[in-house]
*Asks:* 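What follows is a structure written as structure tokens; I'll ask about it next.
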Amino acid sequence: MSFSGTVKEELAAHISSARHCQLAELAAYILFNCGVCGDGKHLCLDTENEAVARKCFTLLKKTFNIETVMRGRSRMIPDDGTERRIIQALYLAGSEDGKIELTKTVNPLLIRHSCCARAWLRGAFLSVGSMSDPRKSYHLEFVCDEKAQAIQLRTVLAEFQIEARIIGRKKYQVVYLKEGAGIVDLLNVMGAHVSLMELENTRILKEMRNSINRRVNCETANISKTVTAAGRQIEDILLIRERYGFENLPDNLRQMAEVRLEYPDAALKELGGYLEPVVGKSGVNHRLRRLSEIADKIRS
């Protein structure tokens, strides 16, 4: 199972204890999955997502004590006036002739409490959400049919200090998160705590791996730089010995040249320890630079 599927399975098993939170989550399923069928007076849940169907069925039974009816691949609410109760409880719009006109967004009254907003986000993710494998990349998104739905989702996420963006994709509006920290916060808000821990473990491993790679690359670059510099210094010193002679150098430069030839792989600080008296790194660098200047004069 994909990581996104694992998250949805965990969320599907999460049932809020408070009826107002159950209504908020149910509103998300109706908003993102329901349509009007028959003579325009019936709500139909049309989804291929079994987790959504089961959760919606469970919430309808808990909040309204009703059973749904299968017709084709759609679940219908029986024709006993139940739709009117649902419409009143979820603040869905209805016309004068009794036909149902579903709203594009959820009524703010349903999600005015933090716990209800969490439940609504849980229902929204189960309905239209998905997430990439965190071992490969960090990406979580909600695919909305309406611009107003995307804006409302982004607004509710912002109330939990989660920054999301909206982008158009064909005929849909996609609300997405690209930062690992934001996705962790959202999983926490929705109640997917087991998936959150798995994601955090993945993030830690990735960060450790990236840190090690950066350190190895940095050390490799430093070694390469040191080897290149040492090779150039030895080339200069050999030229001076052949064309100028060590006997013509000041004592401090002659000693420096001899030590560098004797220890071609040593770092500057280590070279300073072989001199008498001992010289610091900056002093060694200064002497090698003077030898390089003499070599350049010889070449010119």
Side-chain angles (χ1 to χ4, degrees), residues 1-92 100-107 110-111 116-131 140-146 149-150 152-153 172 174-175 186-187 189-192 194-195:
M1 181 183 294
S2 67
F3 187 81
S4 185
T6 301
V7 174
K8 289 190 175 185
E9 200 170 70
E10 182 179 359
L11 293 179
H14 190 298
I15 305 293
S16 300
S17 57
R19 186 173 186 271
H20 50 82
C21 293
Q22 294 172 2
L23 289 173
E25 187 169 350
L26 182 59
Y29 298 127
I30 293 178
L31 176 67
F32 294 109
N33 299 281
C34 269
V36 179
C37 56
D39 56 0
K41 299 180 181 180
H42 296 286
L43 291 175
C44 299
L45 179 68
D46 190 2
T47 178
E48 296 180 356
N49 189 322
E50 293 184 7
V52 169
R54 289 196 306 268
K55 192 73 175 289
C56 190
F57 170 80
T58 300
L59 292 176
L60 281 170
K61 193 170 183 179
K62 282 182 172 293
T63 54
F64 297 100
N65 194 29
I66 62 172
E67 302 286 345
T68 54
V69 178
M70 287 299 297
R71 183 172 297 176
R73 68 170 189 172
S74 299
R75 286 185 180 269
M76 294 183 60
I77 298 171
D79 186 12
D80 59 357
T82 303
E83 282 95 340
R84 186 178 299 278
R85 285 196 291 143
I86 295 176
I87 289 171
Q88 291 174 346
L90 301 183
Y91 304 99
L92 297 173
I100 300 172
E101 294 180 0
L102 293 175
T103 58
K104 302 299 183 183
T105 58
V106 68
N107 192 301
L110 278 175
I111 54 174
C116 296
R118 292 170 184 267
W120 184 74
L121 286 171
R122 184 161 55 245
F125 184 80
L126 274 168
S127 300
V128 295
S130 64
M131 182 179 172
L140 184 149
E141 67 180 31
F142 301 84
V143 181
C144 305
D145 291 329
E146 304 287 342
Q149 295 172 350
Q152 187 173 46
L153 262 170
Y172 301 105
V174 180
V175 182
L186 178 55
L187 292 179
V189 165
M190 296 189 298
V194 175
S195 299

*Asks:* Report yes if some heavy atom in the side chain of W120 is under 4.5 Å from a heavy atom in the side chain of L153; otherwise report no.
*Replies:*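 SC-SC contact between W120 and L153 confirmed.
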
*Asks:* State, yes or no, whether a side-chain contact exists between V143 and F32 at a heavy-atom distance under 4.5 Å.
*Replies:*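 Contact flag for V143/F32 side chains = no.
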
*Asks:* Indicate the atoms forming the closest heavy-atom contact of V106 with Q152, along with that distance.
*Replies:*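 So the minimum-distance heavy-atom pair works out to O-NE2, 2.8 Å.
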
*Asks:* So, does E146 use its side chain to make a donor-acceptor pair with the main chain of T105 at under 3.5 Å?
*Replies:* no

*Asks:* May I ask you to check whether over 12 heavy atoms, not counting those of Y172, lie within 6.0 Å of atom OH?
*Replies:*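 No.
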
*Asks:* Do you know which two heavy atoms are closest between G191 and H14, and how far apart they sit?
*Replies:*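 Shortest heavy-atom separation between G191 and H14 comes out as O-CD2, 4.0 Å.
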
*Asks:* Hey, does L26 have a side-chain heavy atom less than 4.5 Å from the side chain of C56?
*Replies:*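 Touching, per the 4.5 Å side-chain cut-off.
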
*Asks:* Which one of L31, N107, I30, T63 satisfies the side-chain contact (heavy atoms from CB on, under 4.5 Å) criterion with L90?
*Replies:* I30

*Asks:* Which atoms form the tightest heavy-atom contact between K8 and F125, and what is the distance?
*Replies:* CE-O, 3.4 Å

*Asks:* Counting C-beta onward and ignoring hydrogens, is there a side-chain heavy-atom pair between K62 and I15 closer than 4.5 Å?
*Replies:*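 With C-beta onward as the side chain, the pair touches.
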
*Asks:* Could you tell me which residues satisfy side-chain hydrogen bond (donor to acceptor under 3.5 Å, both in side chains) with K55, sequence neighbours excluded, listed by chain and number?
*Replies:* E25

*Asks:* Check whether F64 forms a cation-pi arrangement with R19 (NZ or CZ under 6.0 Å from the six-membered ring centre, at most 45° off the ring normal).
*Replies:*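 Yes - R19 lies over the ring of F64, closer than 6.0 Å to its centre and within 45° of its axis.
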
*Asks:* For a quick test of reading the model, state the closest non-hydrogen atom pair linking C116 to A24 and the distance between them.
*Replies:*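 It is O-CB, 3.4 Å.
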
*Asks:* Report the distance from atom CG of L187 to atom CZ of R122, rounding to the nearest 0.5 Å.
*Replies:*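 Output value for this atom pair is 12.0 Å.
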
*Asks:* Indicate the atoms forming the closest heavy-atom contact of A124 with A28, along with that distance.
*Replies:* N-CB, 3.7 Å

*Asks:* Where the side chain of Q22 meets the backbone of S16, is there a donor-acceptor pair that is under 3.5 Å apart?
*Replies:*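 Side chain of Q22 to backbone of S16, a donor-acceptor pair under 3.5 Å: yes, one is there.
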
*Asks:* Going by atom types only, do E10 and S195 share a side-chain donor-acceptor pair under 3.5 Å?
*Replies:*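 A pair is found: one side chain offers a donor N or O, the other an acceptor, under 3.5 Å apart.
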
*Asks:* So which atom in F142 and which in L121 form the shortest heavy-atom distance, rounded to 0.1 Å?
*Replies:*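 Looking at all heavy atoms of both residues, the shortest contact is CE2-O, 4.3 Å.
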
